[in-house]
Amino acid sequence: MGNSIMGFLRGLARRSPLFRRVGRKIRSEVNKTRYDLNNKGIATDEKSVFFTSFAGRNYADSPKAIYEYLVGNQDFSDYRFYWAFNNPEKYMYLKGNPNTEVIKTGSKEENEAIGKSKFWITNYRMLDHFVPRDDQVYVQCWHGTPLKKLGYDLKQSDNAMNEIEEIYDKYRKDALRFKYMISPSRWATEAFASAWNLKEFGEKVEIIEEGYPRNDRLANYTQEEVGALKEKLSLKGDKKVLLYTPTWRDNQFDKGKGYVYSIGIDFDKLQKELEEEWVILFRTHYLVANSFDFEKYEGFILDVSDYDDINDLYLVSDLLITDYSSTFFDFANLRRPILFFMYDKEEYEDKLRGFYLDLSELPGKVLRREEDLLKEIELLGDWKPNEVYNSFNAKFNYLDDGKATERVVKRVFVKE
C-alpha cells in the first residue's frame, strides 16, 4: 500500500511541476523546523566532524579519504567523527575506532551530529534544511570532474523530475552554504565556479584546488593490494578485466522507483566475442534505482553497482568503457586504456546535458557501434598512452600525486 501511494505521488510530481515545488517547499520547511528545534541551544563542537558520501549510500570517495587521514593522524586523536548511512548496520565496523559513531540518515541522531559538528564533509548536496551556522564549515568535495554540464551551465533540461529553474534553485541554495569546495584542477575550478554561479551566489566560497583526496589511492597502491582485491572479487587471474560504467539519463524515470537505466549495449554479442579472455564489471551510476539480472551471464558479467569504493574496481581493471560518466578522469591516473561508447550521443548532447569538453580531448576513442567497440578491444594488445592521453592527464590530473588529502586537510583544519 505504501509503495503504491509513493508511486502515485512520484508520478504526480513528475507530471505537475507546481505540485512538486509546493511539496518540496513544505517538506523542507517541516524538516527545517524540526532540525532547528532539535538543535536549539546546542553549541558547535570545534572537534566534531560529520561525514557522508553519496547521500548516505556508500563509505567511499573523498570523504572516506579525509576521514581515514584524520583517524590515522595523532593531531586529531581527540576529535569525534560521525558517519551517516542509509544502511548503517553495514558499516558498524567503523566503530572499531573509538572516536567514530555510525548513524542513520534522516534520524534524530543525524540531526544532532550535523547540528553540533564544526565540519561537514560530503561529496553530494546536503538537504536544503541543513543550513550551517556562521561557526560551522561545510566542505563540498563533489564527486567528479564534470564532462556533462551542471547547474547554471545547463540552458535546457529534459530532466524527468526537475525543470531548469528547479535545477538552478538547488545549485543556488548549495552555493550559499559552502565554505570550501574541493577542486582537482584549474579547469575544474572554472567549471565549478560557473556551474554554481559562485560570482553571484558564492562570493565567500573558497575553492581548494589541491587535487581529489580520493585519488591518492590511485597513486599509492601496490600490486599486492591489487592481487588481494581480485581475490576478494573472485576474479580469475588469467582473464582481463573490463570495467563498464554507464551514467544515468535525466529523462529515464520510473514513477515507482526513481531514475532508471535502459542498457544500451548488447551483452549477448559481447559475451560471444569476449568471454574467453575478458570478464566485465558492470557498475551503474549511484542515482540509478533499478537492478539488473545478469544470471545468464554468470562468470562473464559481475554486477558491482552496490560495491562501495569504485577505486577498488579501477585498480583491478585493465580497460574502462564509459559513456558520459566522470569515471574516466580518475581512471586516467592509472594510464590504462579507455573507450567511450556513446550510442546516443546526439540526444544526450542536444537534449539532456551537453559537454564542457571538446570530445577530441578525451583520452580514448568515441565509438557509436558495438562492432567498432569490439574491434577496438581486439586492438588493445599493444596499447600505450598517446599524446592526447598524456595531454589530458597534464591538464586534468596534474594534482593527483598521492598527497592531495594532506594538502586539503591542512587547508580546512590547520588553515595552512
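Residue numbers run from 1 in the order of the sequence given.
The aromatic rings of W142 and W196 lie perpendicular to each other, with more than 60° between the two planes, well past the 30° mark. Below 30°, between 30° and 60°, or above 60°: for F51 and W83 the angle between ring planes is below 30°, a parallel geometry. Ring-plane geometry between F119 and F413 is classed as tilted, the angle between the planes lying from 30 to 60 degrees on a 0 to 90 degree scale. Between F341 and Y343, the ring-plane angle classifies as tilted under the 30° and 60° cut-offs. A perpendicular orientation is assigned to the rings of Y93 and Y59, their planes being inclined by more than 60° (bins at 30° and 60°).
Formation of a donor-acceptor pair under 3.5 Å by the S53 side chain with backbone atoms of P63 is not found in this model.
Checked against a 6.0 Å centroid threshold, the rings of Y324 and F355 count as neighbours. Here F329 and Y212 keep their ring centres 6.0 angstrom or further from each other. Aromatic ring centres of F201 and Y152: separated by under 6.0 Å.
Using a 4.5 Å heavy-atom threshold, the side chains of R186 and Y398 count as touching. Within the 4.5 Å cutoff, side-chain heavy atoms of T145 are placed close to those of W187. Counting heavy atoms from C-beta outward, Y171 and R125 have side chains that stay 4.5 Å or more apart.
Contacts of I26 classified as side-chain contact (heavy atoms from CB on, under 4.5 Å), with partners at least two apart in sequence or in another chain: V22, V30. With sequence neighbours left out, the ring pair (Phe, Tyr, Trp, His ring centres under 6.0 Å) criterion links Y138 to W120, F178.
Judged purely by distance below 3.5 Å, without hydrogens or angles, the side chains of T100 and Y67 pair a donor atom with an acceptor atom.
Considering I182, N123, V412 as possible partners of I66, the one that fulfils the side-chain contact (heavy atoms from CB on, under 4.5 Å) test is I182.
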Test log, rule salt bridge (charged side-chain N to carboxylate O under 4.0 Å, His left out), inputs R217 and D312 = CA-CA 9 Å; R217 188 151 170 255; D312 289 359; 2.5 Å; yes
